[in-house]
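Note that the structure is a prediction, hence the values are computed from the model and not measured.
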Amino acid sequence: MQCDGYRRPRTFAGQVARCVVRSLTWHAARPAGHGLVRMAACLAVCLFLSMPVASLSARTNPLPAASARQDSARQDSARQDSARQDSTWTGQSTRPDASGLVFVTQQYPPFNYLERGEGTERVGGPVAEIITMACARMGVGCTFRLLPWARAQQEVRNGTADGIFTIGFVPERQQWLHFCPPLLRVEYGFFVRMENPLHYVTPRDVTGYRVGVYGPSLTSDILGQLARQVPMTVDVAPDNDAGFLKLAQGRIDAVFSNRENGLATIALLRIANLRYAGWHSRVDYTVAFSRQTAPEVVEAFEAALRELHREGELQRCLARYGLQSTYPDVQDGKDREGTRGRPRGEGPAGANPVATSG
């Protein structure tokens with residue numbers, strides 16, 4: 001069978017229409033049934049011939065819904081890229097130069113210590129919490145590093161670290177440190193064995209004692225000053241635990257230490273035969289900044305501390321550790337209790353209170 005004179009129209013509909021017309025014309029001139037057969041054959045041929053055209057049309061003209069989805073996906077991707085760029089740009093432009101402040105400290109429980117979790121380590125303690133809150137008020141991050149005390153001080157001296165804690169005021173340190181207002185007050189005194197009836201009041205009470213102390217440190221310096229007032233033997237140990245272990249074994253007569261740190265050390269070492277015999281000096285602890293840290297950063301940090309003090313956050317934080325805030329109330333530009341950053345230690349008769357750190 002042939003479709004004589006057939007010229008394929010450009011569209012599929014045209015092909016079908018032409019074959020249908022020819023079939024009807026043929027049907028009119030032929031016996032019944034012949035036209036139907038011819039029309040069916042023409043339809044089959046038209047379908048076969050039109051398949052390449054339909055396939056090409058599908059490839060070159062995607063469905064509107066699919067095209068819309070592709071456009072939407074491209075727009076979403078562009079918006080996400082733009083958002084990522086805006087976020088990076090905004091962070092860089094609004095983040096102060098002081099972002100990522102670095103603070104150094106030492107292992108000195110209960111004030112500063114290393115907390116270990118499941119695969120994690122962090123510096124804990126009341127002052128670390130206060131610093132974190134202050135940095136949050138400033139809108140900057142903060143990092144803590146636990147180091148030997150001498151190295152921690154050196155990093156602040158050379159500007160590798162921005163700040164140091166927990167530290168007491170010493171006039172000589174003002175050459176390389178800016179001291180923030182005092183945060184808390186602590187005691188320094190003597191620990192003895194339970195059977196020792198000592199109740200310390202003056203340096204004469206420890207005449208002839210062999211006294212252990214952690215050093216070299218300012219704590220050992222204070223004890224050295226006492227040793228020049230009354231005869232005693234100073235036993236300096238390179239770590240804080242050694243003196244308490246010696247005392248527990250009866251190898252020395254006393255340990256000179258920060259009260260809270262001494263009690264925490266005894267608890268950690270599980271020593272049951274030692275007690276606190278009395279204090280020699282009271283000292284204010286605080287945070288100090290390197291002289292190389294930008295002054296506006298220090299000012300912003302101290303402003304954040306003032307806000308925390310006014311809102312009661314300082315005292316609430318310290319109270320969780322059994323400590324008392326000594327942050328000064330400022331009136332007419334002056335501290336109510338004294339000059340900012342100066343020690344306000346107290347001591348019994350004959351004592352020479354000196355500000356110190358751990």
Enquirer: Which residues pass the salt bridge (charged side-chain N to carboxylate O under 4.0 Å, His left out) test with Glu313, not counting sequence neighbours?
Expert: Arg316

Enquirer: So, do Tyr327 and His309 have ring centers that fall under 6.0 Å from each other?
Expert: yes

Enquirer: To the nearest 0.5 Å, how far apart are CZ in Arg282 and CZ in Arg185?
Expert: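 Arg282 CZ to Arg185 CZ: 8.0 Å, rounded to 0.5 Å.
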
Enquirer: Does the gap between the ring centers of Phe165 and Phe144 come in under 6.0 Å?
Expert: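 Here the rings of Phe144 and Phe165 have centres that are less than 6.0 Å from each other.
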
Enquirer: With side chains defined as the heavy atoms from C-beta onward, is the minimum distance between Leu177 and Ile164 less than 4.5 Å?
Expert: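 Answer yes - side chains close enough.
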
Enquirer: Between Glu260 and Tyr321, does any side-chain donor sit less than 3.5 Å from a side-chain acceptor?
Expert: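 No, no side-chain donor-acceptor contact under 3.5 Å.
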
Enquirer: Quick check against the 3.5 Å criterion: does Ser220 have a side-chain atom that pairs as donor or acceptor with the backbone of Gly215?
Expert: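 Flag not set: sc Ser220 to bb Gly215 has no pair under 3.5 Å.
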
Enquirer: Side chains of Thr326 and Leu183, heavy atoms from C-beta outward: is any pair under 4.5 Å?
Expert: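 SC-SC contact between Thr326 and Leu183 ruled out.
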
Enquirer: Between the side chains of Asn196 and Tyr209, is a donor N or O closer than 3.5 angstrom to an acceptor N or O?
Expert: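 Yes, a side-chain donor-acceptor pair sits under 3.5 Å.
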
Enquirer: So do Thr286 and Phe169 actually touch side chain to side chain, heavy atoms under 4.5 Å?
Expert: no

Enquirer: Check whether Arg137 reaches the backbone of Ala303 with its side chain - one donor and one acceptor, N or O, closer than 3.5 Å.
Expert: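 Checked: no pair found.
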
Enquirer: List the residues meeting side chain to side chain contact (heavy atoms under 4.5 Å, CB included) with Asp205, not counting sequence neighbours, and say none if there are none.
Expert: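 With neighbours one apart ignored, the set is Leu198, Tyr200, Val201, Thr202.
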
Enquirer: Charged N to carboxylate O below 4.0 Å: is that the case for Asp253 and Arg210?
Expert: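 Not counted as a salt bridge, because no side-chain N and carboxylate O are separated by less than 4.0 Å.
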
Enquirer: Can any side-chain N or O of Thr265 pair as donor or acceptor with the backbone N or O of Asp241 at less than 3.5 Å?
Expert: no

Enquirer: How far apart are the closest heavy atoms of Pro328 and Pro182, and which atoms are they?
Expert: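 Nearest pair, atom of Pro328 first, then Pro182: CD-O, 3.8 Å.
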
Enquirer: Do the rings of Tyr285 and Tyr108 sit parallel, tilted or perpendicular, given the 30° and 60° boundaries?
Expert: tilted

Enquirer: Can you find a heavy atom in the side chain of Arg145 that is under 4.5 Å from one in the side chain of Arg151?
Expert: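 Contact flag for Arg145/Arg151 side chains = yes.
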
Enquirer: Near Glu195 CD, under 6.0 Å, is it more than 12 heavy atoms from other residues, nucleotides or ligands?
Expert: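 Counting neighbours around CD of Glu195, more than 12 heavy atoms of other residues, nucleotides or ligands fall under 6.0 Å, so yes.
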
Enquirer: Check whether any side-chain N or O of Arg193 sits under 3.5 Å from a backbone N or O of Leu247 as a donor-acceptor pair, and report yes or no.
Expert: yes

Enquirer: Can you classify the ring geometry of Phe103 versus Phe301 as parallel (below 30°), tilted (30 to 60°) or perpendicular (above 60°)?
Expert: tilted

Enquirer: Looking at every heavy atom in both Gly168 and Arg173, which two are closest together, and how far apart are they?
Expert: O-NH1, 3.1 Å

Enquirer: Just so I know, are the side chains of Glu155 and Leu147 near enough to count as touching, which here means a heavy-atom distance under 4.5 Å?
Expert: yes

Enquirer: Would you kindly confirm whether Leu268 and Leu263 end up in one hydrophobic cluster when ILVMFWY residues are joined by side chain heavy atoms under 4.5 Å apart?
Expert: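 No, because Leu268 and Leu263 fall into different hydrophobic clusters, even though each may have its own neighbours under 4.5 Å.
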
Enquirer: Dump the intermediate steps for side-chain hydrogen bond (donor to acceptor under 3.5 Å, both in side chains) on Asn240 and Asn261, then the final yes or no.
Expert: CA-CA 9 Å; Asn240 199 48; Asn261 176 247; 2.7 Å; yes

Enquirer: What pair of heavy atoms forms the shortest contact from Val255 to Gly243, and how long is it?
Expert: CG2-O, 3.4 Å

Enquirer: Using a 4.5 Å cut-off on heavy atoms from C-beta on, say whether the side chain of Leu114 contacts that of Gln107.
Expert: yes

Enquirer: Please check if the side chain of Gln324 supplies one atom and the backbone of Leu184 the other of a donor-acceptor pair under 3.5 Å.
Expert: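 Pair absent, no side-chain N/O of Gln324 close to backbone of Leu184.
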
Enquirer: Is a side-chain N or O of Ser325 found less than 3.5 angstrom from the main chain of Leu314, in a donor-acceptor match?
Expert: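 Checked: no pair found.
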
Enquirer: Can you check whether Thr219 reaches Phe256 side chain to side chain, under 4.5 Å on heavy atoms?
Expert: yes

Enquirer: Say you draw a straight line from CZ of Phe190 to OG of Ser257; how long is it, rounded to the nearest 0.5 Å?
Expert: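 One gets 11.0 Å once the value is rounded to the nearest 0.5 Å.
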
Enquirer: Between Trp176 and Arg291, is there a cation-pi geometry (under 6.0 Å to ring centre, at most 45° from the normal)?
Expert: no

Enquirer: At what distance, to the nearest 0.5 angstrom, does CG of Asn158 lie from OG of Ser290?
Expert: 8.0 Å

Enquirer: Is any side-chain heavy atom of Ile130 less than 4.5 Å from a side-chain heavy atom of Leu305?
Expert: yes

Enquirer: Looking at Thr293 and Phe289, would you say the former's side chain and the latter's main chain have a donor-acceptor pair under 3.5 Å?
Expert: no

Enquirer: Quick one: does Asn273's side chain have a donor or acceptor within less than 3.5 Å of a partner on Ala248's backbone?
Expert: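 Yes: the side chain of Asn273 pairs with the backbone of Ala248.
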
